[in-house]
Structure formats: structure tokens, C-alpha cells
A.B. asks: 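Structure below; questions to follow.
Note that ligands are numbered from 1 as they come in the structure, with each ligand's atoms numbered from 1 the same way.
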Amino acid sequence: METPKQTSTKEAPPISKCLFPAAGYGTRFLPATKATPKEMLPILTKPLIQYGVEEAMGSGIHTMAIVTGRGKRAIEDHFDISYELEHQIWGTPKEKQLADIRHIIDCCTFSYTRQKEMKGLGHAILTGETLIGNEPFAVILADDLCTHDGNGVIKQMIEVYREYRCSIVAIEEVPKEQTGKYGIVKCELIAGHDDIYRVSDMVEKPDPQDAPSNLAIIGRYILTPDIFEILKNTKPGKGGEIQITDALLAQAKKGNVIAYRFKGKRFDCGSIDGFVEATNYFYQK
Ligand code: UTP
């Protein structure tokens, strides 16, 4: 299988949109998530999804496409002006606490679509097709909170995409006993790199003895738009859900998926332990 490195001198199509699948129920945080979206849970004073939007902005993306569901309206309100509140605190020291979110609202456009039935991450991404259209795009799962000293993870991945022009998944090493929580890749390092791999196989949430490696896909992707057609033909997989891993496997079989071991740190804020760890980390900072 050939490594899909592009040698054409033509510019790679730009990545101008970021999709945020945010329709999941967040059952691990019940009862907090009964009426509040998981993506709105705060790490200190900022909701998880705002960290994700800021990461996308740091890579030059200003068009945010959000897949929501019932009970998620707080996300739309967060990325909108709150006239009454802003009027109330205008001219007081509290005004500066809204400076970051005002900047986001001024610089970005937000569009939303609803996933009517929660049929898995793959289905949520397919639901976003109407907002993305026929172009490569970034995906951020806001409950995976990533920090970095230099470039954000999505910016790092866009650089890899420019070179290979195929789907890119962010990976990290996980303890072998935790493979059952992730999509796990089988991959080979590309010559001359120590963090870029060609993917030949991937398995959703394998038991440790069946896992092809301990390299886990985290919640950052660059996807080429053919993924939508593949998703339309992807049958429900593990857990009866339409899995993005199964659709990516179809691309990987053609040599069209690169795994990138990102620089930075990830917190699994979809779990209580990861959420507490992130809170402590940002508080210390
Ligand atoms: P999770 O696997 O963390 O599921 O989804 P969840 O429902 O959010 O949380 P738990 O497991 O019940 O606590 C990973 C990402 O995919 C989105 C979620 O919103 C989250 O960002 N997702 C998942 C959807 O948008 N739709 C789905 O049908 C499933």
C-alpha cells in the first residue's frame, strides 16, 4: 500500500470549517447533564466547548458547525450576545470576564443542526454534512480537552494534512488495559518521521488481547468529504452505533488515513477522573 503523500504542487484545499459533534447524552455526568449539555460543563470558568472553539480559532478556522440535540440550547445561547447581562455589567470590573467570549462571537460564525436520534459519533458527523458540504474539515470532540505550549492540536494536524491530503486522526499511547475505551489503530511509522504513521487497520474499543496496538484515537480529526458517502453505507457497529472508526477503516484500506501523535496533553473530560484532573491542571496554571 502506498503512503498517500501528495507531490502535486497545487495547494491542498484549505480547512475552513470545524465540526463539533455535541449531541451525546453525557450519561457519565448525570444528574449534572440532565438539563445541561455536557459540553457546557466548565473547567474553572470556561465551558468545555469554548476551549474547543478557541483551539479551532488558533488554527485559523472561523466557521464553527455544531451538531446538537434536544436539551442543548445553552450552547447556542453561549455563542450569542446576552444583551441584558452585558448591559448590566457594562463599565464594571466584571465586564472583562466576557472579553474572550465576545471576541469569539465577533470573529466566528456558528451554525447548528440537530441529530434527532443519538446513533453514535459516525452518525453525528454524517448529520453535520449539511453544514460542511464538499470540503475537508476538522472535527473536535469538546470533551477531549487538549492543551499545548506551541500550536494547538488541530493546527498541528492541519500541517500534516497539507502534506498528505487525506484523513488525519490524532493518536496517543494509552495503557494496554484501557484499549476498550478507544478506537485503536494498527499503523507503521512513515520513514523520516517519529510521530506520523500510515494506518492499515483500526478497531473500535477492542479488549486488550485483541487490540492491534496501544495507540488510541482521541477526539481530533481532519476528514476528507468522501467520509460522508462512506458513513451513509456504514452499518451500526460496536454498541449498535454508527462508528466513525468503521468509516475511517474504509479510507485506511486505501492508504488514505494518517495517524499523528500530537504534541500536547489531553484530558478526557467525558470521564469524572479526567474532568477533575483538567480542573486541577488549569487551576494550578
Ligand atoms: P461519548 O462516547 O463521550 O458519549 O461521545 P456521550 O453520550 O457524549 O457521553 P456518555 O458516554 O453517555 O457519558 C463522544 C462525542 O460524540 C458525541 C458526544 O456529544 C461527544 O462529543 N456524540 C456521541 C454525538 O454527538 N452523537 C451521538 O450519537 C454520540
A.B. asks: Just list the N/O pairs, ligand 1 to protein, that are under 3.5 Å apart, with the distance for each.
C.D. replies:
| from | atom 1 | to | atom 2 | distance (Å) |
| --- | --- | --- | --- | --- |
| ligand 1 | 3 (O) | R28 | NH2 | 3.0 |
| ligand 1 | 3 (O) | K38 | NZ | 3.1 |
| ligand 1 | 3 (O) | D143 | OD2 | 3.4 |
| ligand 1 | 7 (O) | Y25 | N | 3.0 |
| ligand 1 | 7 (O) | G26 | N | 3.3 |
| ligand 1 | 8 (O) | K38 | NZ | 2.7 |
| ligand 1 | 9 (O) | G26 | N | 3.4 |
| ligand 1 | 9 (O) | K38 | NZ | 3.2 |
| ligand 1 | 11 (O) | R28 | NE | 3.2 |
| ligand 1 | 11 (O) | R28 | NH2 | 3.2 |
| ligand 1 | 12 (O) | T27 | N | 2.8 |
| ligand 1 | 12 (O) | T27 | OG1 | 2.6 |
| ligand 1 | 13 (O) | T27 | N | 3.0 |
| ligand 1 | 13 (O) | R28 | N | 2.9 |
| ligand 1 | 13 (O) | R28 | NE | 3.0 |
| ligand 1 | 19 (O) | A23 | N | 3.4 |
| ligand 1 | 19 (O) | G24 | N | 2.9 |
| ligand 1 | 19 (O) | E39 | OE2 | 3.2 |
| ligand 1 | 21 (O) | P21 | O | 3.0 |
| ligand 1 | 25 (O) | A23 | N | 2.9 |
| ligand 1 | 26 (N) | Q115 | OE1 | 2.7 |
| ligand 1 | 28 (O) | Q115 | OE1 | 3.4 |
| ligand 1 | 28 (O) | Q115 | NE2 | 3.2 |
| ligand 1 | 28 (O) | K119 | N | 3.4 |
| ligand 1 | 28 (O) | G120 | N | 2.9 |
| ligand 1 | 28 (O) | G120 | O | 3.4 |

A.B. asks: Under 3.5 Å, is there a donor-acceptor pair between the S271 and D273 side chains?
C.D. replies: no
A.B. asks: Taking S59 for its side chain and I154 for its backbone only, find out whether a donor-acceptor pair lies under 3.5 Å.
C.D. replies: no
A.B. asks: Can you name the residues that form a side chain to side chain contact (heavy atoms under 4.5 Å, CB included) with K34, not counting sequence neighbours?
C.D. replies: L30
A.B. asks: Please identify each residue that fulfils side chain to side chain contact (heavy atoms under 4.5 Å, CB included) with S111, with sequence neighbours left out.
C.D. replies: A65, L131
A.B. asks: According to ring pair (Phe, Tyr, Trp, His ring centres under 6.0 Å), who are the partners of F79, at least two apart in sequence or on a separate chain?
C.D. replies: F110
A.B. asks: Closer than 3.5 angstrom, by distance alone: can the side chain of Y112 be matched with the main-chain N or O of R73 as a donor-acceptor pair?
C.D. replies: no
